[in-house]
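As structure tokens, the structure follows; a few thoughts come after it.
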Amino acid sequence: MSYSMLAVVGSFTYPSTSAPNPKLCNATLRRKEFISLLKNCKDANQILPIHAKIIRTGHDQDPFVLFQLLCLSSTLSSVNYASTIFQQVRNPNVFLYTALIDGFVLVGSYSDGIRLYYQMIDRFIVPDKYVITSVLKACEYRFALREGKEVHCQALKLGLCSNRSITMKLMEFYGKCGEFDNARKVFDKLTERDVVASTIMINCFLDHGLVKQAVQVFDRVRVKDTVCWTAMIDGLIRNGEMNMALELFREMQKDNVKPNEVTVVCVLSACSQLGALELGRWVHSYIGKHHRIELNHFVGGALINMYSRCGDIDEAERVFAMMKERNVITYNLMISGLAMHGKSIEAVDIFRGMIKQGILPTSVTFVAVLNACNHGGLVDLGFEMFHSMSKDYGIPPQIEHYGCIVDLLGRVGRLKEAYNFIQNMEIAPDHVMLVALLSACKIHGNLELGEQVARILINHGGVDSGTYVLLSNVYASSGKWKEAAQIRAKMKEGGILKEPGCSSIEVNNEIHEFLLGELRHPQKGKIYKKLEELNQILKAGHTPATDVVLHDIEDWEKEQALAIHSERLAICYGLISTKPGTTIRVVKNLRVCDDCHSMIKLLAMITGRKIVVRDRKRFHHFENGKCSCGDYW
DNA sequence: GTAGGGTTAG
């Protein structure tokens, strides 16, 4: 036993809470007993006493015992501890190398894993299939193409390339590095191109947006299992192909393949992005009926997210209350959900409850809490939270947190303070923050500061279409048509296209999409009729806020252009296709304009309907002529 | 005598 080894043990405090294991008192513990002790160990606190005993009984160079010790300490405790143990081993074999490389991969120290592999090669230790797959994993995550190719060559020389695990990892490695030809070559060489290999190949393509190629491989799989279907559905969702993903989910069931926990989490994610509440509810009831899918962190979190983002915040809260175990992500999702819906006090209460439970917040938690303060105009509390994050939790504020404060001050009209806050920040402002301030300037009618911010924004470069539109609108709203036109010209010059407004509504399990000024719906006639009818009723009590459109055209023309904002079409379709009294839920890709906002308030009053609109930033609950955002968004 | 195929929420 070496002194340095004792130093390693000595650097860890003996946990007073864990009772001494009586087995350890037996001085004649043998290797097998050590191994089974290590294998059954579930608590990091138990590693240290076991390790101490291993050293005392002279088993500290036993490769079999060391292997278990390395595996355990890198998964339960820390890879640094495992690494220090490894350094004390006089002749580490391939097993020990594999265990430590795995440990490095687990914590994301991929380069260390690769370096360790090369050290092993330098010591003339012959790699086996296990260490090859481990180092390939490290190469894959590190995008270390050159090293991975070298490992591939070594595997070929050693005759290991017929091994299935290696070929699978090779495909994953080449796929992640974007070398589809190489991935494909490995795939094509397989004698058995089964569902597992195909799933990996499908993932390779979907990781890089190659949907067509993925579908081709998917279609050729004869017997698709749950994982294969799920990988395909998840990949489509990651590539923005929501409807295709949901279609596949239906097909999967027709094919009698049972969704598992992962499948429902993926499908719920699609629902939340689309605002497909009905389907989301169906998935929820499916989970309720099929007890093999439990309401764990993943499923619970996905449900909370889905209900929040589909506009049913009450149901999100019910799911949250039902969950037996919640982690920090569960809390983060619930807090952001409540914030999105303007339920600021409730969000802060959840945050406080989380702290009481002893769950440590992350930087994401603070973004959510600060957002909640924003939507409720809780300035003092917002500042309190902002200061608390670094003071009490050691989390340094990032650009998003600074942005929340700017938003917070902007909302209540403290524009100068917001501007000073930006100037005194330790980091450079990003364009999200400047846009937030510009938007506040527009809402509070401070054109002077608005122009100042606009100049900074333009000089900043990298401005997107939304910002240009906002800039142009700031000018247009004060009648400065020339400046507005200049912005539009700049937009054209830079080849920046205005992102087309798009709203969707779910009716009878189907998502109906409406684009700005374009109606290609089978019920087109009826929708226009409803639109006209409502326009007539509204005319009496509502003068359109025509300053929000880009063009300096005649008023009546402006009215026409406004009349067909996509959310209006979606709402009209909702009105004609659902029973009276049904809540109408619309999802929009951009932010709602002033005019539509005030029009929907009236519409909700006249029709006696609740109208819920999710825009790019938050939720608007329209009821009885009022909106939950308090007219600030 | 040491050890895995693919899918998971902010």
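What you are looking at is a predicted structure, and each value in this text was computed from that prediction instead of being measured. By convention in this document, chain letters (A, B, ...) are assigned in the order of the sequence lines, proteins followed by strands, and residues within each chain are numbered from 1.
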Looking at [X] and [N], is any side-chain donor or acceptor paired with a base atom of the opposite kind under 3.5 Å?
X: Asp128(A); N: dA3(B); answer: yes
X: Glu261(A); N: dT8(B); answer: yes
X: Thr330(A); N: dG10(B); answer: no
X: Asn327(A); N: dG10(B); answer: no

Nucleotide [N], atom [atom2] - distance to [atom1] of [X] in whole Å:
X: Glu400(A); N: dG10(B); atom1: CD; atom2: C1'; result: 12 Å
X: Asn371(A); N: dG10(B); atom1: CG; atom2: P; result: 15 Å
X: Tyr307(A); N: dA9(B); atom1: OH; atom2: P; result: 19 Å

From C-beta outward on [X], which listed nucleotide comes closest to its side chain: [options]?
X: Asn93(A); options: dT2(B), dG6(B), dT7(B); answer: dT2(B)
X: Val227(A); options: dG10(B), dT8(B), dG6(B); answer: dG6(B)
X: Glu172(A); options: dG6(B), dT2(B), dG10(B); answer: dG6(B)
X: Gln68(A); options: dA9(B), dG6(B), dT2(B); answer: dT2(B)
X: Lys39(A); options: dA3(B), dT7(B), dG6(B); answer: dA3(B)
X: Val195(A); options: dA9(B), dA3(B), dG6(B); answer: dG6(B)
X: His297(A); options: dA9(B), dT7(B), dG4(B); answer: dA9(B)
X: Phe67(A); options: dG6(B), dT8(B), dA3(B); answer: dA3(B)
X: Asn203(A); options: dT2(B), dG6(B), dG10(B); answer: dG6(B)

The criterion is side chain to side chain donor-acceptor pair (under 3.5 Å); which residues satisfy it with Ser388(A), sequence neighbours excluded?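 Only Asp392(A) meet the side chain to side chain donor-acceptor pair (under 3.5 Å) criterion with Ser388(A).
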
Base, sugar-phosphate or nothing for [X]? Non-hydrogen atoms, less than 4.0 Å.
X: Thr133(A); result: base
X: Cys71(A); result: nothing
X: Ser134(A); result: base
X: Ile200(A); result: sugar-phosphate

Stacking here means centres under 5.5 Å and planes under 30°; does Phe64(A) stack on dG1(B)?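 Yes.
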
Distance test, side-chain N/O of Lys176(A) to OP1/OP2 of dG6(B), below 4.0 Å: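 The answer is no; no side-chain N or O of Lys176(A) sits under 4.0 Å from OP1 or OP2.
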
Pairs satisfying side chain to side chain donor-acceptor pair (under 3.5 Å), at least one member in residues 244-255 of chain A, at least two apart: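 Of all non-adjacent pairs touching residues 244-255 of chain A, none passes side chain to side chain donor-acceptor pair (under 3.5 Å).
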
Step by step, would you call Gln119(A) with Tyr97(A) a side chain to side chain donor-acceptor pair (under 3.5 Å)? CA-CA 9 Å; Gln119(A) 188 200 94; Tyr97(A) 273 102; 2.9 Å; yes

Any salt bridge between Asp60(A) and Arg90(A), counting N to O under 4.0 Å?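 No, this pair does not count.
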
Apply side chain to side chain donor-acceptor pair (under 3.5 Å) to the pair Ser269(A) and Gln273(A), showing each step before the final yes or no. CA-CA 6 Å; Ser269(A) 157; Gln273(A) 291 179 58; 3.3 Å; yes

